[in-house]
Amino acid sequence: AGDHFAAILVPFFAATDTNNLRVFWDLLKLDQLYADPTILPDAEHEFLALLALEGVATEIVSTNWDALVEDAHEICRDGSLPLKVIACSDEINAQGGAYTSRLLKIHGCSRRASQDRGRYGPFIVATSADIASWTTREFARAFREELQALLRRRPALFIGLSIQDFNLQSVWASAAESRPFVPGGRSRALFAASTNLAPPQRTLLNTIYGDSFNQRGAEIEARSLIPLYGKPLLGGLYLSTLREKCVLLLQKGSLDLSDHNIQAAVAELDEFGNAFCASFDSEPDTDVRWRSVAQLVRSRVAKFLGIFRRQCLPANAAQYEAITVHNLAQMSSDPGLAVANSHFVLFALAVLLRGERLGMWKLGKVGWAGTEGQLRLQIGGREVRVFVVAGSGRAGVRLQQAGFLDLTNAPNVIVVYPDQKAPPTGKRSPSQQKSTGPGEIWFRDFVDLGVDMDALADVLKLELLGVR
């Protein structure tokens, strides 16, 4: 609402208190404005929703009245667990079904207030007086205690903290115990700001670190400042999440992949990521650039994982499928990740990327349609559609059932099984197959050769050249 919005509302409210008129509702109609369903989420809301679906942003605290984060989450989720929205105190400990993340709307929710004014209206915080009373009034006690508990348990990233949010400063002061700062260590509070920290942010750091802030204030501020905001910040966090999850999945495959090949695969994925990000640099409008990133990455990840895991697409291109709903700490301690064999599909993709860089083939763009596969590959003057699927040859049957290919007539189609060896009665090489069905590559056979990535790319080239 802006740094001065609460102060601007004060004279309106003060002038009408005697008439018992709620300016928020009856004059300014802010509940309708901020609950308008025709206003769609922007890229920053979508990135926040994607971070929640990836299990990274599990606790989100907002002072915004609008429902754009909730809308973005609902648009993106594809049968996954919902977002738990808390807009009044009795919802904090309410029993309910499972959820991915929680959204605590500590200044209220316009949409819910417009639907049930009696229940949610008292929790709308609009004026400076409302903000001040929030820190002491009984109606907000459950919110205060929940927020204090969160701040004690976890580090916090503040986006848009301003002087008008002094109720948050008060909660932090009540929750935090002064602790020494470890030189070179991470800060427990990170602030997204364009250049320098503002006085409210320094006040919070002083509360957290006490004497250490007086002694090492410059280093603490430097460790606490993230010089990004809005779309670039949340988009960068989302892309970083994808990258770190892929690296961890590759490392979990150390029993099947050599350290050298894991490092080479990470390097290829990084090279691809850098080139992908650079492809958007020509767009001068930052907002347009990050909207394009959100749309493209979300749809590409969802399509690839949908076909890989279940041989089907999400209901529409806006829906998303997470790599995993667990965050990095949970992934690190999960013994089941290694046997899930996700490292094989990432390694297969890295080999395809390496082969392109070595000039063995070219990878082309594909659209949303499942019939196009996840990849398009040009080699030997021909174009091949590539489907990368988990499990055995039964996945090919499911591809046919989905209408993505015809098992009896699929020239220039390759189905890659990253984590499987060829069955005893099957053929590994497409060049040896005489039917008109798709070629099949059982990538685990190649990995078991024990050669490096360049040699694997050579082997794969020979296989691909045999496609009819």
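This chain uses plain numbering: 1 for the first residue, then up along the sequence.
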Peer 1: Got a donor-acceptor contact below 3.5 angstrom from the Asp445 side chain to the Ala422 backbone?
Peer 2: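 Answer holds: yes.
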
Peer 1: Distance-only criterion, 3.5 Å: show the donor-acceptor pairs between side-chain atoms of residues 233-241 and protein atoms not counting sequence neighbours.
Peer 2:
unit_1 : atom_1 : unit_2 : atom_2 : d
Tyr238 : OH     : Tyr320 : OH     : 3.0
Thr241 : OG1    : Leu237 : O      : 2.8

Peer 1: Measure the shortest side-chain to side-chain distance between Val447 and Leu257 over non-hydrogen atoms and say whether it is less than 4.5 angstrom.
Peer 2: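 Touching, per the 4.5 Å side-chain cut-off.
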
Peer 1: Tell me if a side-chain donor or acceptor on Asp334 pairs with a main-chain N or O of Gln330 at a distance below 3.5 Å.
Peer 2: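 No; judged by distance alone, with no hydrogens or angles, the pair does not exist.
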
Peer 1: Between Ser224 and Arg186, is there a side-chain donor-acceptor contact under 3.5 Å, judged purely by atom types and distance?
Peer 2: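 Judged by distance alone, the side chains do not pair up.
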
Peer 1: So, the side chain of Glu283 versus the backbone of Asp285: is there a donor-acceptor pair under 3.5 Å, distance only?
Peer 2: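 Yes, Glu283 side chain to Asp285 backbone: donor-acceptor pair under 3.5 Å.
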
Peer 1: Is any side-chain N of the basic residue among Lys105 and Glu70 closer than 4.0 Å to the acidic one's carboxylate O?
Peer 2: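 Here Lys105 pairs with Glu70 in a salt bridge, since their nearest N and O are under 4.0 Å apart.
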
Peer 1: Who passes salt bridge (Lys or Arg N to Asp or Glu O under 4.0 Å) against Glu145, sequence neighbours left out?
Peer 2: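 Listed in chain order: Arg141.
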
Peer 1: Check whether any side-chain N or O of Gln374 sits under 3.5 Å from a backbone N or O of Phe304 as a donor-acceptor pair, and report yes or no.
Peer 2: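 Such a contact is found between Gln374 side chain and Phe304 backbone.
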
Peer 1: In terms of relative ring orientation, are Phe443 and Phe446 parallel, tilted or perpendicular, with 30° and 60° separating the classes?
Peer 2: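 Correct class here is perpendicular.
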
Peer 1: Do the side chains of Trp368 and Leu313 get nearer than 4.5 Å, heavy atoms only?
Peer 2: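 They are in side-chain contact.
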
Peer 1: Return a table of donor-acceptor pairs under 3.5 angstrom between the side chains of residues 395-404 and protein atoms on other chains or two or more places apart.
Peer 2:
unit_1 : atom_1 : unit_2 : atom_2 : d
Arg398 : NE     : Gln311 : OE1    : 2.6
Arg398 : NH2    : Gln311 : OE1    : 3.2
Gln400 : OE1    : Leu407 : N      : 2.8

Peer 1: Would you say Asp42's side chain and Glu44's backbone share a donor-acceptor pair under 3.5 angstrom?
Peer 2: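 Absent.
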
Peer 1: Excluding sequence neighbours, so at least two apart, what forms side-chain hydrogen bond (donor to acceptor under 3.5 Å, both in side chains) with Asn93?
Peer 2: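 For Asn93, no residue satisfies side-chain hydrogen bond (donor to acceptor under 3.5 Å, both in side chains) once neighbours in sequence are set aside.
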
Peer 1: Would the distance check show the side chain of Asn274 and the main-chain N or O of Cys277 forming a donor-acceptor pair, the cut-off being under 3.5 Å?
Peer 2: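 Such a contact is absent between Asn274 side chain and Cys277 backbone.
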
Peer 1: Taking only residues two or more places apart in sequence or in another chain, which ones pass side chain to side chain contact (heavy atoms under 4.5 Å, CB included) with Ala265?
Peer 2: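 Result, side chain to side chain contact (heavy atoms under 4.5 Å, CB included) vs Ala265: Leu250, Phe347, Ala350, Met453.
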
Peer 1: Quick one: does Lys231's side chain have a donor or acceptor within less than 3.5 Å of a partner on Val288's backbone?
Peer 2: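 Flag not set: sc Lys231 to bb Val288 has no pair under 3.5 Å.
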
Peer 1: For the residue pair Trp442 and Tyr417, categorise the inter-ring angle as parallel (less than 30°), tilted (30 to 60°) or perpendicular (more than 60°).
Peer 2: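 Ring orientation of Trp442 relative to Tyr417: parallel.
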
Peer 1: Atom CG of Leu151 and atom CD of Glu59: how far apart are they, to the nearest 0.5 Å?
Peer 2: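 Taking CG in Leu151 and CD in Glu59, the distance rounds to 11.0 Å.
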
Peer 1: Donor-acceptor check, side chain of Glu219 to backbone of Gly184, threshold 3.5 angstrom: yes or no?
Peer 2: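 It does hold such a pair.
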
Peer 1: Roughly how far apart are His343 NE2 and Asn261 CG, rounded to 0.5 Å?
Peer 2: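 If we round to the nearest 0.5 Å, His343:NE2 and Asn261:CG are 12.0 Å apart.
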
Peer 1: Looking at residues at least two apart in the chain, or sitting in another chain, which of them share a side chain to side chain contact (heavy atoms under 4.5 Å, CB included) with Glu146?
Peer 2: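 Per chain and number, Glu146 pairs via side chain to side chain contact (heavy atoms under 4.5 Å, CB included) with Ile92, Arg102, Leu104.
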
Peer 1: Can a side-chain donor-acceptor contact be found between Arg385 and Asn412 if the only test is distance below 3.5 angstrom?
Peer 2: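 Not at all, the side chains of Asn412 and Arg385 share no donor-acceptor pair under 3.5 Å.
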
Peer 1: Between Thr100 and His73, do the side chains contain a donor N or O and an acceptor N or O under 3.5 Å apart?
Peer 2: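 Yes, Thr100 and His73 have a side-chain donor paired with an acceptor closer than 3.5 Å.
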
Peer 1: Is the backbone N or O of Ala338 less than 3.5 Å from a side-chain atom of Asp256, with the two atoms forming a donor-acceptor pair by type?
Peer 2: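 No, because the side chain of Asp256 does not come within donor-acceptor range (under 3.5 Å) of the backbone of Ala338.
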
Peer 1: So, taking the atom named NE2 in His45 and the one named CG in Leu50, what distance separates them when rounded to the nearest 0.5 Å?
Peer 2: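 Here the rounded value is 13.0 Å.
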
